Amino acid sequence: MIHSKDSPRVVIIGAGVGGLSYAIALKQKLGFHNFTIYEKASEVGGCWRANSYPGCASDVLVHFYSLSSELNPYWNKSYGLQPEILAYWTSVAKKHSLYSNIVFDTEVISADWDATAQSYSIVTESVKTKEKTTSTAQVLVSAIGNLTTPRIPHEIPGFGSFKGEAFHTAEWPSGVDLRNKRVAVIGADSSGAQLIPALSEDPTIQIEAFVRTPAWFNTRPHVPYTSTEKWMFANIPYAMRLHRNWIMLKLDGPHLISQILPESQEAKQQRRKLMEQYILDNSPERYHPHIVPRYPPGCKRTVADNGFFLSLSRPNVSLSFDGIASIVDDGLMTEKGQLLSFDTMIYATGFIGDEFPVRVRGADGITIQEYYGAHGGPTAYYGTTIPGFPNFYMLAGPNTGLPTSTLFMEEVQIAYSLQLVKPVLDGIVSSFSVKADATDEYNATLEKLLSPSVHTQCRSWKRTGGTGKPFTPFPWSAFQYWWRLRQPKWDHYTHIGGEPWKRRMQFLKVLRILKILAVMGVLAYYMKGSSFMLTMSKRIPADPVVGSLPIAPNWKRTLQMLTAWYRSLVREV
């Protein structure tokens with residue numbers, strides 16, 4: 001169904017993994033087509049388009065890092081490389097005819113909520129011509145993620161004075177040639193640990209990586225899938241689905257169990273010793289005094305080792321733990337006073353996660369960034385909605401980070417938010433806005449759980465300003481996130497308009513009760529006279545007509561008893 005210009009409109013910011021997934025869900029689940037995706041780049045893919053540096057790959061098993069409705073039996077390895085993942089998302093966008101809904105080379109500059117019109121006024125700007133355009137949308141979706149803006153180390157004295165080539169890993173220049181060059185890599189965490197092994201395969205490239213804070217590592221080898229495995233995934237029903245579910249169980253199972261049986265201090269110490277031994281066993285001895293982290297595992301992101309330690313033994317790779325005092329025109333000055341010359345400088349320094357990069361202004365006249373500032377950093381209701389921002393939904397928002405698939409978390413958010421979006425698109429409700437008290441209560445629980453946790457025991461990009469409140473971790477399991485967001489708690493939201501919708505929701509509530517009663521009626525028939533029915537009869541109020549029914553010996557009396565209970569429930573609706 002194609003909507004007219006006067007029908008409700010959805011705007012999605014970003015044509016990355018989240019934005020494409022949201023668009024597909026709008027079409028498949030709601031049959032809705034009047035949406036626009038604004039993408040500042042010239043192609044889809046988001047982080048998988050931007051991060052094209054050598055060695056870039058997923059650190060989640062790739063069968064779990066794909067859309068649940070678009071499983072791919074032909075992944076080459078257990079962890080997908082960037083070109084393969086980008087090709088997957090490009091093909092998905094084409095399959096679902098999303099390109100006609102995408103406006104490329106266009107950046108969303110601002111979005112302001114108009115309470116009278118019950119819509120957002122959105123200003124976009126052409127990246128090429130700088131021409132601005134204004135449009136409106138009833139629903140606004142942020143699919144820009146929380147790792148969008150590269151963190152450039154401007155704080156290093158002398159930054160900008162280097163005369164050679166310098167760039168961030170997320171801004172890898174097309175056609176850059178590093179052969180026969182001396183390269184400084186600043187940072188050796190996630191992106192640096194992927195880049196260095198790939199780059200050092202060329203023995204003519206001399207690499208020195210500068211490590212400010214060592215990272216904890218887990219081994220994650222890239223295991224190729226055989227042609228037999230690919231055939232099984234493609235041809236045996238449910239084989240790939242079972243494989244995907246097994247991956248989720250391996251990733252999320254331990255986290256779920258830890259909620260029931262918290263890890264003892266002895267177990268934590270043993271795990272730390274094993275991780276420390278892994279680093280020492282696989283790194284050159286000359287680095288041992290510096291390469292083991294002093295903070296506990298889990299405080300910062302654990303890095304996937306798929307060749308990093310192996311590359312440290314190559315003659316063209318070295319690590320420096322001396323610290324950077326300043327940048328000079330031909331290289332770096334270390335804190336020990338050593339001047340090092342380089343041809344190229346690569347910033348593997350991560351991203352800014354505690355700032356919202358688009359100026360979105362809500363019903364209360366404040367922006368999302370101002371809301372963050374008033375709450376000590378990025379804050380939201382289950383990382384999805386924010387008080388005072390009606391019909392605004394974000395993917396991969398605050399405190400949705402887990403050592404599992406980000407895409408799984410985003411699919412949960414999409415399914416959840418569509419339940420709020422549908423009444424608006426159907427014209428039944430004008431807007432929904434999450435309540436401040438529900439959001440505050442949720443975030444108070446987060447703070448209670450995260451404040452004494454490992455996440456506050458080191459300086460980390462996952463904390464506001466590096467040392468403030470943790471804004472990335474979700475303290476429960478992915479399964480619990482799905483369970484909590486399987487449907488909205490409608491009393492946590494206010495809505496404008498929609499009295500027919502409210503009556504419909506009351507009807508659906510009664511209908512759910514009737515379904516429960518029907519099931520219990522069947523149980524009652526097969527369990528008549530049992531201790532179960534005797535127990536149930538004590539919980540059921542006496543009906544003025546039927547009277548007290550301690551035991552239901554037949555269908556008629558069972559029905560009478562359940563009818564009395566039904567009447568008591570209806571009074572509560």
Side-chain angles (χ1 to χ4, degrees), residues 8-16 18-19 22 34-40 103 106-127 130-149 352-400 413 417 420-421 424-425 429-440 442-443 464-465 471 492-497:
R9 177 174 179 249
V10 176
V11 160
I12 301 171
I13 308 174
Y22 208 105
N34 193 27
F35 62 87
T36 303
I37 304 176
Y38 289 112
E39 170 56 54
K40 64 182 179 180
V103 181
T106 302
E107 187 172 5
V108 175
I109 301 300
S110 65
D112 295 86
W113 176 253
D114 185 333
T116 302
Q118 289 289 288
S119 63
Y120 282 95
S121 176
I122 301 167
V123 177
T124 58
E125 181 181 83
S126 169
V127 174
K130 302 303 178 182
E131 180 183 357
K132 289 184 172 61
T133 304
T134 302
S135 63
T136 60
Q138 283 67 37
V139 177
L140 180 63
V141 178
S142 169
I144 56 179
N146 61 352
L147 298 177
T148 301
T149 307
I352 297 173
D354 54 1
E355 297 178 7
F356 194 79
V358 180
R359 189 187 66 77
V360 178
R361 192 177 301 278
D364 299 329
I366 65 171
T367 65
I368 290 177
Q369 187 57 40
E370 289 169 341
Y371 178 85
Y372 283 0
H375 290 78
T379 304
Y381 177 80
Y382 285 98
T384 307
T385 54
I386 301 176
F389 294 84
N391 293 354
F392 173 79
Y393 305 96
M394 61 198 315
L395 304 181
N399 296 106
T400 57
Q413 291 181 293
S417 63
L420 293 154
V421 168
V424 175
L425 301 184
V429 178
S430 295
S431 63
F432 286 101
S433 183
V434 69
K435 295 178 179 178
D437 56 354
T439 305
D440 292 343
Y442 168 68
N443 281 277
T464 304
F471 64 83
H492 285 186
Y493 287 85
T494 59
H495 65 278
I496 302 297

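Here the structure is a predicted model, which means the values were calculated and not measured.
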Contacts of type side-chain contact (heavy atoms from CB on, under 4.5 Å), residue [X], not counting sequence neighbours:
| X | value |
| --- | --- |
| Thr116 | Asp114 |
| Ile352 | Thr149, Arg151, Asp354, Glu355 |
| Ser126 | Lys128, Thr129 |

Excluding sequence neighbours, so at least two apart, what forms side chain to side chain donor-acceptor pair (under 3.5 Å) with [X]?
| X | result |
| --- | --- |
| Gln138 | none |
| Ser417 | Tyr22 |
| Tyr372 | none |

Under a 4.5 Å cut-off applied to non-hydrogen side-chain atoms, are [X] and [Y] in contact?
| X | Y | value |
| --- | --- | --- |
| Pro378 | Phe356 | no |
| Tyr371 | Thr439 | yes |
| Phe392 | Ile368 | yes |
| His495 | Leu420 | no |

Please report the closest heavy-atom contact between [X] and [Y], naming both atoms and the distance.
| X | Y | value |
| --- | --- | --- |
| Gln118 | Ser430 | OE1-CB, 3.4 Å |
| Pro390 | Ser431 | CB-CB, 4.0 Å |
| Ile12 | Ala143 | CG2-CB, 4.0 Å |
| Ala380 | Ile386 | CB-CG1, 3.9 Å |
| Val10 | Val141 | CG1-CG2, 4.2 Å |
| Val424 | Pro8 | O-CG, 3.9 Å |

Nearest-0.5 Å distance that lies between atom [atom1] in [X] and atom [atom2] in [Y]:
| X | Y | atom1 | atom2 | answer |
| --- | --- | --- | --- | --- |
| Lys132 | Glu107 | NZ | CD | 10.0 Å |
| Met394 | Ile144 | CE | CD1 | 7.0 Å |
| Thr385 | Gln413 | OG1 | CD | 9.5 Å |
| Lys40 | Ile109 | NZ | CD1 | 10.0 Å |
| Asn443 | Tyr381 | CG | OH | 10.5 Å |
| Ile122 | Arg9 | CD1 | CZ | 6.0 Å |

Would you find a donor on one side and an acceptor on the other, under 3.5 Å apart, between the side chain of [X] and the backbone of [Y]?
| X | Y | answer |
| --- | --- | --- |
| Thr464 | Gly376 | yes |
| Thr106 | Tyr38 | no |
| Tyr120 | Gly362 | no |
| Asn391 | Phe432 | yes |

Residue among Thr134, Thr133, Val103, Thr36 satisfying side-chain contact (heavy atoms from CB on, under 4.5 Å) with Thr124: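 Option passing the side-chain contact (heavy atoms from CB on, under 4.5 Å) with Thr124: Thr133.
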Sidechain N-carboxylate O distance under 4.0 Å for Arg359, Asp112: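 A salt bridge links Arg359 with Asp112.
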Side-chain donor-acceptor pair present, Ser110, Arg361, cut-off under 3.5 Å: no
